[in-house]
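Have a look at the structure below before the remarks.
Along the sequence shown, the residues carry numbers beginning at 1.
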Amino acid sequence: MNKQLQQLDTSSSVKSFSNAQANLRKGYADGALGVLASGTVWMVAALVAFLVSSQAAIWTLFFGGMLIHPFGLLLAKLMGIPGSHSKQNPLGKLIMEGTIFMLMCIPLALLLSLQNHAWFFQGMLLIIGGRYLTFSTLYGIKTYWVLGAVLGAAAFALFFFNGSPAISALSGSMTEIGFGIFLFLSYKKNPSQ
């Protein structure tokens, strides 16, 4: 009898965890709009690096990064997607904790930029790629492991081949926009998952 109760308890825990992930997927379109918003900010930074200067591009990504979440929410509202999750969702805390961890890492990338402007973008690719790995748990979507790995591999390759700031920013942009489109199309196929 005790074993049956344990199995029931474990089963309901897994079910509630799955429900929490489903609530996030529904509320944020599998996270796709945030990825697209981030890719757009990276694209603007790449254009600034190509057309103005790498220093201006650093500040574009730094300050533009502050607009990613509001821009993603705006996209959600325009598309009729809630752009929020249930207040009772226990994964909501993990979202905030991951965001704070990412923000605490950004000064490291800024310090790298004092040595080489390209290193800022390559450092940010690693930081953001690492954050996307947690999205696999948040949303229950393994594609985020691939996105995180691709951004991390791109950072190392760009560093190894001495990629410029503009090419580094463009790499981040193209990767995120490509994955964002893929995630959004997957969400549209099954929005009620």
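- Not counting sequence neighbours, the partners of Ser86 by the side-chain hydrogen bond (donor to acceptor under 3.5 Å, both in side chains) test are Gln88.
- Under the side-chain hydrogen bond (donor to acceptor under 3.5 Å, both in side chains) criterion, Thr137 pairs with no residue at all, not counting sequence neighbours.
- The aromatic rings of Phe135 and Tyr144 lie perpendicular to each other, with more than 60° between the two planes, well past the 30° mark.
- Thr134 is linked by a side-chain hydrogen bond (donor to acceptor under 3.5 Å, both in side chains) to nothing, counting only residues two or more places apart in sequence or in another chain.
- Here the straight-line distance linking atom CD1 of Ile141 with atom CG of Asp30 works out to 3.5 Å at 0.5 Å rounding.
- Under the side chain to side chain contact (heavy atoms under 4.5 Å, CB included) criterion, Phe71 pairs with Ala37, Thr40, Leu75, not counting sequence neighbours.
- Here Phe182 pairs with Thr143, Ser186 under the side chain to side chain contact (heavy atoms under 4.5 Å, CB included) rule; sequence neighbours left out.
- In terms of the side-chain hydrogen bond (donor to acceptor under 3.5 Å, both in side chains) criterion, residue partners of Tyr132 (sequence neighbours excluded) are, by chain and number, Glu176.
- Checking side-chain atoms of Lys77 against main-chain N and O of Pro82 turns up a donor-acceptor pair under 3.5 Å.
- Hydrophobic clustering of Ile, Leu, Val, Met, Phe, Trp and Tyr side chains at less than 4.5 Å, counting indirect connections, keeps Phe179 apart from Trp145.
- In this structure, Leu24 and Gln21 have side chains that are not in contact, with every pair of non-hydrogen atoms separated by 4.5 Å or more.
- Within the 4.5 Å cutoff, the side chain of Lys26 has no heavy atoms near those of the His85 side chain.
- Note that OG of Ser38 is 5.0 Å distant from CD1 of Ile128, once rounded to the nearest 0.5 Å.
- Within the structure, every pair that satisfies the side chain to side chain donor-acceptor pair (under 3.5 Å) test and touches residues 43-65, not counting sequence neighbours, is listed here: Ser54-His117, Gln55-His117.
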What side-chain donor-acceptor pairs closer than 3.5 Å can you find for residues 154-171, not counting sequence neighbours?
from: Ser164; atom 1: OG; to: Ile167; atom 2: N; distance (Å): 3.1
from: Ser168; atom 1: OG; to: Gln122; atom 2: NE2; distance (Å): 3.1
from: Ser168; atom 1: OG; to: Ser164; atom 2: O; distance (Å): 2.8
from: Ser171; atom 1: OG; to: Ile167; atom 2: O; distance (Å): 2.8

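- Hydrophobic clustering keeps Leu126 apart from Met124 (ILVMFWY residues linked when any side-chain heavy atoms are closer than 4.5 Å, directly or through intermediates).
- The side chain to side chain contact (heavy atoms under 4.5 Å, CB included) search around Ile81 returns Ala29, Leu33, Ala76, Met79, Phe184, Tyr187, not counting sequence neighbours.
- Counting only residues at least two apart or on different chains, no ring-ring contact (aromatic ring centres under 6.0 Å, His included) pair has a member in residues 32-57.
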side-chain contact (heavy atoms from CB on, under 4.5 Å), that's the test. Do Trp119 and Leu114 meet it? Break it down for me.
CA-CA 9 Å; Trp119 292 356; Leu114 298 176; over 6 Å; no
Which pairs of donor and acceptor atoms, one on a side chain in residues 90-112, lie under 3.5 Å apart (sequence neighbours left out)?
from: Thr99; atom 1: OG1; to: Ile95; atom 2: O; distance (Å): 2.9
from: Thr99; atom 1: OG1; to: Arg131; atom 2: NH2; distance (Å): 2.6

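- Each of Met43 and Leu67 belongs to its own hydrophobic cluster when Ile, Leu, Val, Met, Phe, Trp and Tyr are linked at side-chain heavy-atom distances under 4.5 angstrom.
- Residues passing the side chain to side chain contact (heavy atoms under 4.5 Å, CB included) test with Leu74 are Leu78, sequence neighbours excluded.
- Considering all non-hydrogen atoms of both residues, Ile58 and Ser113 come closest at CD1-CB, 3.7 Å.
- Note: Asn89 CG to Ser16 OG = 10.0 Å, rounded to the nearest 0.5 Å.
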